[in-house]
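Structure first, then comments.
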There are 2 protein chains.
Amino acid sequence: MPTSTRFAVAVHILTGLAVSDGKPLRSEDLAWSANTGAVVIRGLLSRLSDAGLTRSQLGAGGGSLLAKPAKKIRLLDVYAAVEDTELFSLHRTPPCDSCAVGGNILEAIQPALDRARKALEAELAKTTVADVAAEVARLGKFSIPLAW
Amino acid sequence: MPTSTRFAVAVHILTGLAVSDGKPLRSEDLAWSANTGAVVIRGLLSRLSDAGLTRSQLGAGGGSLLAKPAKKIRLLDVYAAVEDTELFSLHRTPPCDSCAVGGNILEAIQPALDRARKALEAELAKTTVADVAAEVARLGKFSIPLAW
DNA sequence: TTTGTGTGTAACCATCACTATGACACACTA
DNA sequence: TAGTGTGTCATAGTGATGGTTACACACAAA
């Protein structure tokens, strides 16, 4: 039930925009930082933009910006924006319906899985992009905004 | 990411063994209930056995049994036994090390991800196979042990 | 001891999500 | 008008996953 790498890279993107603090960053710049392709970044930015977390500025000198303060963007928001598979996958083929266990197992475990998922999400809601940006600044010994 | 159905099927297997309550079940029987192949079940049983959750009885009339009371098997134990990938995958290729954000982002987000993972695990530790078996019995309106 | 039963594991395959990459139309700025 | 950067499509390689066949081995029952 692992997540894709999208979540980690999306947090990376948003953290980059947060430390840049108002100066637009191009997808190519972000791709260099994340060590991937610019199209991959643009795909993620598309999802983040749909979720209202970022916005784009076209044309020369353009790039991406945070659509709201980093303090208001929780890791949970990022998670929801870029992950589309269920945390727990169930049986690939539905279990035997005419069987005492198979016919009821899904319904029986669902509540426990839901509680686990909610616990994960509640924890992700406690950290914001601003927190991550501050931690990156502390580790890298620089201050925000950072001149690139 | 391709998510694994192993956890759900493993819980299914253990629940089946729990309601069977001492009567060995063959991998073929479990495969029928889970609507999959017997070899898939045996692969999971191999992991569960390594984790000390089940044991096998060879020969005619044989099959698999729980290695300890269902009440002592937490969903967390099952999860640990059959899932081998990290909950959160990080960048496929390590981010740019010579970059202020890329060089520190992994270390910066790790604590938050660890807290989220621990929250998930703590929740999974609260439910046991016996709980799931009882719920299946309630939904299916039968009592344990179940005659197959 | 013999026969039948069931496990355990290896090998191979099809499928699917994921990431990478090239290409190009479009929007906007200078 | 020229240049820049986004947004999206199409394509391809990769890796994990689950399904299936095959077979050696262990054990129980007779």
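Note that the coordinates shown come from a computational prediction; the quantities given were computed from them, not determined experimentally. In what follows, chains are A, B, ... by sequence order, proteins preceding strands, each numbered from 1.
Of the two residues contacting DNA chain C, namely A/Arg92 and A/Ala38, the nearest-nucleotide position lying further toward the 5' end is that of A/Arg92. The residue among B/Val39 and B/Thr93 whose nearest nucleotide of DNA chain C lies closer to the 5′ end is B/Val39.
For A/Ser27, a side-chain nitrogen or oxygen approaches OP1 or OP2 of D/dT6 to under 4.0 Å. Between B/Ser46 and C/dT7 there is no side-chain N or O to OP1 or OP2 distance below 4.0 Å.
A salt bridge does not link A/Lys118 with A/Glu121: every distance from a Lys NZ or Arg NE/NH1/NH2 to an Asp or Glu carboxylate oxygen is 4.0 Å or more.
When distances run from any side-chain atom of B/Arg26 to the nucleotides C/dG6, C/dT19, D/dT17, the shortest one goes to C/dG6. Relative to the side chain of A/Thr5, the nucleotides C/dT19, D/dG19, D/dA22 differ in distance, and C/dT19 lies closest. Checking D/dG19, D/dT8, C/dT9 against every side-chain atom of B/Thr36, the shortest atom distance belongs to D/dG19.
When rounded to the nearest whole Å, the span between CZ of A/Arg47 and P of C/dT19 equals 9 Å. For B/Leu25 and C/dT5, the CG to P distance is 18 Å, given to the nearest whole Å. The separation between B/Glu83 atom CD and D/dA16 atom P is 14 Å, rounded to whole Å. Distance, B/Ile13 CD1 to D/dG18 P: 12 Å, rounded to whole Å. Per the geometry, CG belonging to B/Asp84 stands 13 Å off C1' belonging to D/dG15, to the nearest Å. When rounded to the nearest whole Å, the span between CD of A/Glu28 and C1' of C/dA20 equals 15 Å. With rounding to whole Å, A/Ile41 atom CD1 is found 16 Å from D/dT8 atom C1'. The interatomic distance linking A/Leu17 (CG) with D/dT6 (P) rounds to 11 Å, in whole Å.
Listed by residue number, the members of residues 49-70 of chain B with any heavy atom below 4.0 angstrom from DNA chain D are B/Leu58, B/Gly59, B/Ala60.
Few gaps surround CD on B/Gln110; more than 12 heavy atoms of other groups in view lie less than 6.0 Å from it.
Shown here are the side-chain contact (heavy atoms from CB on, under 4.5 Å) partners of A/Ser56, two or more places apart in sequence or in another chain: A/Ser64.
Hydrophobic clustering (ILVMFWY, side-chain heavy atoms < 4.5 Å, transitive): B/Leu14 and B/Ile144 are in one cluster.
Ring geometry, B/Phe7 versus A/Phe88: the interplanar angle falls from 30° to 60°, so the pair is classed tilted. The aromatic rings of A/His12 and B/His91 lie tilted to each other, with the angle between the two planes from 30° to 60°.
Residue A/Arg42 is classed as a base contact, given a heavy-atom separation below 4.0 Å to a base.
The salt bridge (Lys or Arg N to Asp or Glu O under 4.0 Å) pairs that include a residue from residues 41-58 of chain A are A/Arg47-A/Asp84, where partners are two or more places apart or lie in different chains.
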